[in-house]
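Since the structure comes first, as structure tokens, the remarks are kept for the end.
Atoms within each ligand, like the ligands themselves, are counted from 1 in listed order. These figures come from a predicted structure and were not determined experimentally.
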Amino acid sequence: MSAIAVPVLVIHGGAGVMDRKKMTREHEEACHVGLAQALRAGLAVLARNGTALDAVTEAVKALEDDPLFNAGRGAVFTAAGTHEMDAAIMDGNDQRAGAVAGICGPRHPILAARAVMEQSDHVFLAGEGAARFCRDIGLEHQEPAWFDTERRRAALTEELARRQKGDGDDGDGDESRKHGTVGAVALDAHGNLAAATSTGGMTAKAVGRVGDSPVIGAGTWADNTGCAVSATGHGEYFIRYAVGHEVSARVRLAGQTLEDAAAAVIQEDLAPIGGSGGLVAVDRHGNIALPFNCSGMYRGFAKLGTGTLHTGIYAGDERKVPV
Ligand code: ASP
């Protein structure tokens with residue numbers, strides 16, 4: 001197929017960021033740098049005429065390796081002090097998809113999801129069966145302790161103490177303990193869309209709990225006739241509202257612009273019922289949307305050929321940096 005589109009990449013590193021008053025300058029800077037690095041990783045694929053699928057894979061791999069974000073290394077802990085990671089990927093060209101849930105072992109959960117799509121007869125593998133599949137196909141593995149970080153350990157201790165005291169869910173108003181995920185959506189030069197999402201889930205989640213990220217149609221969705229979506233937020237709400245598919249259906253069937261469709265789901269459907277979070281989306285025309293209904297969302301985007309990367313955390317703090 002000849003080149004018909006200007007490639008675009010949009011990423012997120014999770015919604016519900018740290019309260020601005022508690023955010024240190026160093027942490028904020030490091031997050032902007034991490035987002036820019038992930039954009040560069042995905043953009044490099046698009047620049048050599050690669051696919052949207054490869055671009056979102058590379059962007060998410062970069063974020064999984066960055067301990068600042070809740071996916072891969074740096075994943076949050078379950079209530080039992082373990083890691084259970086979820087990931088999904090979808091190709092908008094043919095709606096092939098792959099997902100894994102509740103795994104701890106593969107260094108890059110997104111590669112596990114992609115392997116389910118490309119090397120199995122299935123779409124979704126969970127738990128022990130998923131772990132065995134990942135070992136059998138020879139994915140790079142790490143010991144559980146490799147995924148640990150001090151910050152996430154402290155968040156678990158704090159959350160468990162808070163629960164013991166019986167504090168309400170919004171005890172200190174700090175949503176960062178609840179949220180975090182990484183994701184990417186892209187449009188390539190061939191006009192194809194793709195989405196990828198990877199997460200450790202929510203701090204102190206119940207063992208066995210699966211959020212929206214690996215659920216195709218909820219946290220991850222891509223179809224070339226609608227749009228590609230990667231979501232982040234309180235997963236239970238995102239599953240119930242089939243967020244990814246809902247945004248795409250509004251574009252495809254109701255003729256809404258991507259921006260209106262994404263805003264309607266995040267601000268009108270989810271916000272009133274307490275479904276905090278956000279999403280990133282791109283359509284086949286290269287329109288993008290990055291709405292969120294909470295204090296912030298680690299996010300970034302880049303259009304090939306502009307020479308500029310855009311990163312942001314809070315509302316209105318977007319930065320431009322050279323590629
Ligand atoms: N959506 C993820 C989950 O519920 C968490 C997040 O994105 O913050 O597991």
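Other residues, nucleotides and ligands place no more than 12 heavy atoms under 6.0 Å from the CD atom of E259. For E140, the CD atom counts as densely surrounded, since its 6.0 Å shell holds more than 12 non-hydrogen atoms of other residues, nucleotides or ligands. The environment of E150 atom CD is sparse: at most 12 non-hydrogen atoms of other residues, nucleotides or ligands sit within 6.0 angstrom.
Atoms of ligand 1 lying under 4.0 Å from any heavy atom of G180, numbered from 1 in the order shown and given with element: 5 (C), 6 (C), 7 (O), 8 (O). The contact set between ligand 1 and D212, taken as ligand atoms under 4.0 Å from a residue heavy atom, comprises 1 (N), 2 (C), 3 (C), 4 (O). Close approach of ligand 1 to G235 is summarised as follows: ligand atoms under 4.0 Å from at least one heavy atom of the residue are 4 (O).
Contacts between M85 and ligand 1, counted as non-hydrogen atom pairs separated by less than 4.0 Å, are absent for every part of the residue. The proximity of S213 to ligand 1, defined as any non-hydrogen pair under 4.0 Å, is limited to the side chain.
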Does the ring pair (Phe, Tyr, Trp, His ring centres under 6.0 Å) test come out yes or no for H12 and Y298, once each step is laid out?
-> CA-CA 5 Å; H12 69 80; Y298 299 103; 9.9 Å; no

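Taking the six-membered ring where tryptophan is involved, the planes of H310 and F301 are essentially parallel, since the angle between them stays under 30° and well short of 60°.
When R209, M297, H12 are checked for heavy-atom proximity to atom 4 (O) of ligand 1, R209 turns out nearest.
Using a 4.0 Å cutoff on heavy atoms, E236 does not count as a contact of ligand 1. At least one heavy atom of G233 sits less than 4.0 Å from an atom of ligand 1.
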List the atom pairs, donor and acceptor, that lie under 3.5 Å between side-chain atoms in residues 237-246 and the rest of the protein, sequence neighbours left out.
from : atom 1 : to   : atom 2 : distance (Å)
E246 : OE2    : R250 : NE     : 3.2

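For ligand 1, none of its N or O atoms has an N or O atom of T199 under 3.5 Å away. For ligand 1, the polar-atom distance check finds an N/O of T232 within less than 3.5 Å of one of the ligand's N/O atoms.
Within the structure, salt bridge (Lys or Arg N to Asp or Glu O under 4.0 Å) pairs that include any residue of residues 43-57 comprise D54-R114 (at least two apart or interchain).
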